[in-house]
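Down below is the structure, laid out as structure tokens.
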Amino acid sequence: MVNEVCLRTLDLDRPWLLEQYQSRGGYEMLTRILKEKTPPEEIIEEVKKSGLRGRGGAGFPTGLKWSFISRNAPGQKYVVCNSDEGEPGTFKDRDILRYNPHQLVEGMIIAGYAIGATQGYNYIRGEFWEPYERFEAALKEAREAGFLGENLLGSGFDFELYSHLGGGAYVCGEETALLESIEGKKGQPRFKPPFPAHFGLYGRPTIINNTESLASIPMILKEGGPWFADIGVKNSGGSKLFSISGNLNNPGVFEIPMGTPFSELLEMAGGVKGGRKLKAVIPGGSSAPVIPGEQMMDLTMDYDAIAEAGSMLGSGAVIVLDDTNCMVKVLERMSYFYHEESCGQCTPCREGTGWLYRVVSRIENGQGRQEDLDLLNDVAARIGGRTICALGDAAAGPVAGMLKHFRDEFQYHIDHKKCLVGAG
Amino acid sequence: MNTIEVNNRAELFSPQVREEIDLWVAKYPAEWKQSAVMAALRIVQDANGGWLTTELMNDVAAYLDMAPIAVYEVATFYSMYELKPVGKHKICICTNVSCMINNSDRVVDHLEDRLGIKLGQTTEDGRFTLKEVECLGACGGAPMMQIGKQYYENLTPEIIDSILEGLE
Ligand SMILES: Cc1cc2nc3c(=O)[nH]c(=O)nc-3n(C[C@H](O)[C@H](O)[C@H](O)COP(=O)(O)O)c2cc1C
Ligand code: SF4
Ligand code: FES
């Protein structure tokens, strides 16, 4: 039950090549759609049935997002893929780009067909040179085979697809900042509404989806929406790529059904390094609230289970922490990140992330005061929900969880001016 | 907008650099040449030993019919552009959480000791710059670093030594 969708060709020798992708039925779905002139509504309906929810972090239903585009409105529309992959702990899209780029290309062309767009861009983070080259090579092969360009396979449908390379800015993973960045501007998120479906790239109707979401499309259509939905569990259709890292024997990317027990995922990742005790898990990227290890061992990896435990599945980035880690230090590093990466447009985010970092930092460095604990919660609460984009929420998100579950460590730092764990 | 008038567009940059930039310009709608600014800055930076001068940014502005200020805004917003000289090899070390808990401190210490510089500095011979970076999306290989276009993962002091010895 592993590697059924996005990583299904991983066992091949050089799965990134067209010929190898085609040896596993690659581009068959696109070919069938173009030959049979499948009505776009049918495609969107199938994606809805699959239960696919956006894999970039927010978990918005993909089929529903596509249905917001008025297909027949005149003028250009765009399909944009988000391969910015910057949420700390996430490293799955890199593997899709490196090992199965053609499935993403096929998914993007089908998305274009479904929403009536003839142009697509894949926004790849600037540091991802090797993945970018793999994707570029796939584009070239696809073009030569007639899957990209004008009048695809004689269908009358045109589709062109290019990559755009980022320049090192986490906030550009936010969909509207990403659009600004493609437009050649600094990546500052836009106010929403209007949403990209109405006013997107170059002011045109645009869908933006994560790499994994788009790469799932060919298999969803080939095997049918219900097939995909049934791999997973209620409200969490399909399989999912989990990037699991931290104190592990065998960290990596694992594609497993939604709803798989965390304990199984941990086992695939070789268990906690050195046989140490599992202390805590950040289940969905660094903005997801932390969950104590014991509690995590009873949870399954799906949207509902993780949400009920007070956190979120996010991008499926699982960070595993053993008992040598000081949670104050971990929160300090995360707060530093959000402070560094805030684009500075909104006062609560710009100032709040700075406050969070400074306060956690002084606690970590033995200069914390008793009132700092409440101050942290207070600052976090003042950021949440008051900003243009979700980076502010992402910065605030981890704070309450850390203070709820590991308050004693923060208290110890304040009382004794040193670390409870000893390692910090 | 204050764009720079140029009569000599064909003389800006080398033919190879122009050709590369033009490939990017061709990807975007004709009226959106500006979309190629990130690529243009990267290409020009690479051709200039890894950093951007004001003059080069002005040339990019002229080449893409942009206001220079709009180009500076882009160059200062994104962390991969360098506005000061850097070493021939820019070593970017990730210190975000997954790398941190896998001893990225040890990677930093080892490189600082070996090269005799601190994070953010360049060796006197101009060969190496050390830079701290945020998560590079390779946390499964923590601790990791990037040099040029290449990722290096699962680092130990010994591996770092052999990587450095393999560089020109
Ligand atoms: C600060 C910030 C960073 C983000 N980074 C990414 C990212 O690297 N990749 C991604 O796919 N989505 C990222 N997102 C989510 C996108 O805004 C958007 O929801 C997503 O690309 C939509 O695609 P999906 O519905 O297929 O998930 C980020 C959001 C925020 C607020
Ligand atoms: S929340 Fe932060 S990152 Fe997002 S737009 Fe506002 S200042 Fe920028
Ligand atoms: S934390 Fe270092 S690569 Fe992600």
Side-chain angles (χ1 to χ4, degrees), chain A residues 76 84-94 119 121 125-131 133 160 162-170 172 181-188 202 243-248 251-253 269 273 282 286 317 319-322 324-325 329-330 333-334 337 340-341 343, chain B residues 23-29 31-43 45 60 64 66 70-82 92 94-105 131-142 144 146 148-151 153-154:
Chain A
Q76 186 55 279
D84 198 42
E85 190 147 77
E87 174 79 8
T90 319
F91 49 100
K92 66 190 175 68
D93 297 336
R94 176 180 180 226
Q119 177 80 51
Y121 292 100
R125 66 176 296 170
E127 297 89 344
F128 273 0
W129 196 262
E130 183 200 12
E133 287 194 317
E160 201 36 273
Y162 297 113
S163 357
H164 183 98
L165 274 171
Y170 164 65
C172 284
S181 184
I182 299 182
E183 291 179 2
K185 303 171 192 159
K186 54 184 177 175
Q188 287 191 322
Y202 307 125
S243 321
I244 179 165
S245 69
N247 303 122
L248 293 163
V253 178
K273 210 173 186 168
I282 299 168
S286 79
I319 305 175
V320 173
L321 302 154
D322 73 18
T324 60
N325 291 292
K329 193 172 172 198
V330 170
R333 187 62 187 84
M334 298 195 309
F337 169 74
E340 277 288 299
E341 299 295 329
C343 83
Chain B
L23 282 177
W24 284 88
V25 171
K27 295 180 174 193
Y28 308 102
E31 65 280 20
W32 280 95
K33 259 167 97 175
Q34 173 172 355
S35 283
V37 66
M38 292 179 64
L41 287 172
R42 184 185 66 250
I43 293 162
Q45 170 166 294
V60 166
L64 298 175
M66 289 172 70
V71 176
Y72 307 156
E73 269 182 15
V74 170
T76 50
F77 187 83
Y78 298 95
S79 66
M80 291 174 75
Y81 302 117
E82 302 294 341
C92 299
C94 172
T95 60
N96 209 303
V97 175
S98 295
C99 285
M100 179 182 89
I101 67 177
N102 278 292
N103 294 320
S104 58
D105 282 1
K131 184 171 176 169
E132 179 177 33
V133 294
E134 293 300 342
C135 175
L136 290 181
C139 332
M144 63 81 64
Q146 176 168 30
K149 287 170 173 157
Q150 185 77 35
Y151 276 21
E153 305 180 34
N154 301 308

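The chains referred to below are lettered A, B, ... by the order of the sequence lines, with proteins before strands, and numbering in each begins at 1.
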Quick check for you: to the nearest 0.5 Å, what is the distance between B:Met100 atom CE and A:Met334 atom CE? 9.0 Å

Flag the one option from A:Asp93, A:Val330, A:Leu165, A:Ile282 with the top tally of heavy-atom pairs under 4.5 Å to chain B. A:Leu165

For chain A, which candidate among B:Gly137, B:Ala36, B:Ala142, B:Cys99 shows the most heavy-atom pairs at distances under 4.5 Å? B:Gly137

So, does B:Glu134 use its side chain to make a donor-acceptor pair with the main chain of A:Tyr170 at under 3.5 Å? no

Among A:Ser181, A:Gly86, A:Ala169, the residue with the most heavy-atom pairs under 4.5 Å to chain B is A:Ser181

Testing the basics here: between A:Lys329 and B:Asp105, what is the closest heavy-atom pair and its distance to 0.1 Å? NZ-OD2, 3.8 Å

Atom pair CZ (A:Phe128) and CG (B:Leu136), whose distance is rounded to the nearest 0.5 Å: 8.0 Å

Could you pull out the closest heavy-atom pair between B:Arg42 and A:Trp129, with the gap in Å? NE-CZ3, 3.9 Å

Is the distance between the ring centroids of A:Tyr121 and B:Tyr28 under 6.0 Å? yes

Considering non-hydrogen atoms only, spot the tightest contact between B:Ser35 and A:His164 and give its length. O-CE1, 3.5 Å

As a quick check of understanding, evaluate side-chain contact (heavy atoms from CB on, under 4.5 Å) for B:Met144 and A:Phe91, giving each step before the final call. CA-CA 13 Å; B:Met144 63 81 64; A:Phe91 49 100; over 6 Å; no

Between B:Thr95 and A:Arg333, the two heavy atoms sitting closest are O-NE, 2.7 Å

Under 3.5 Å donor-acceptor, B:Asn102 side chain and A:Asn247 backbone: no

Contacting region of B:Gln146 [heavy-atom separation from chain A under 4.5 Å]: side chain

Measure the SG-CZ distance between B:Cys135 and A:Arg125 for me, rounded to the nearest 0.5 Å. 6.5 Å

Which residues share a side chain to side chain contact (heavy atoms under 4.5 Å, CB included) with A:Ala269, sequence neighbours left out: A:Ile244, A:Leu248, A:Phe254

Looking at side-chain heavy atoms only, is the closest gap between B:Val97 and A:Pro88 below 4.5 Å? no

Proximal component of B:Gln45, with respect to chain A [non-hydrogen, under 4.5 Å]: neither

Given that the side chain runs from C-beta out, which part of A:Lys273 has a heavy atom under 4.5 Å from chain B: side chain, backbone, both or neither? side chain

I need the residue from A:Glu183, A:Gln76, A:Glu160 with the largest number of non-hydrogen atom pairs under 4.5 Å to chain B. A:Glu183

So which heavy atom on B:Ile101 is nearest to which on A:Asn325, and how close? CG2-OD1, 3.1 Å

Please flag which part of A:Glu133 lies under 4.5 Å from any non-hydrogen atom of chain B: side chain, backbone, both or neither. neither

Tell me, side chain or backbone of B:Ala39 under 4.5 Å from chain A's heavy atoms, or both, or neither? neither

Can you tell which part of A:Ser243 gets under 4.5 Å to a heavy atom of chain B, answering side chain, backbone, both or neither? neither

Shortest non-hydrogen contact from B:Phe77 toward A:Lys186: CG-CB, 3.4 Å

As an exercise, state the distance from CD of A:Glu127 to CE of B:Met80, rounded to the nearest 0.5 Å. 4.5 Å

I need the residue from A:Gly89, A:Gly187, A:Gly166, A:Cys343 with the largest number of non-hydrogen atom pairs under 4.5 Å to chain B. A:Gly187

Sequence neighbours excluded, which residues qualify as side chain to side chain contact (heavy atoms under 4.5 Å, CB included) partners of B:Lys131? B:Glu82, B:Lys90, B:Cys92, B:Val133

Among A:Leu321, A:Val320, A:Ile319, the one residue meeting side chain to side chain contact (heavy atoms under 4.5 Å, CB included) with B:Ser98: A:Ile319

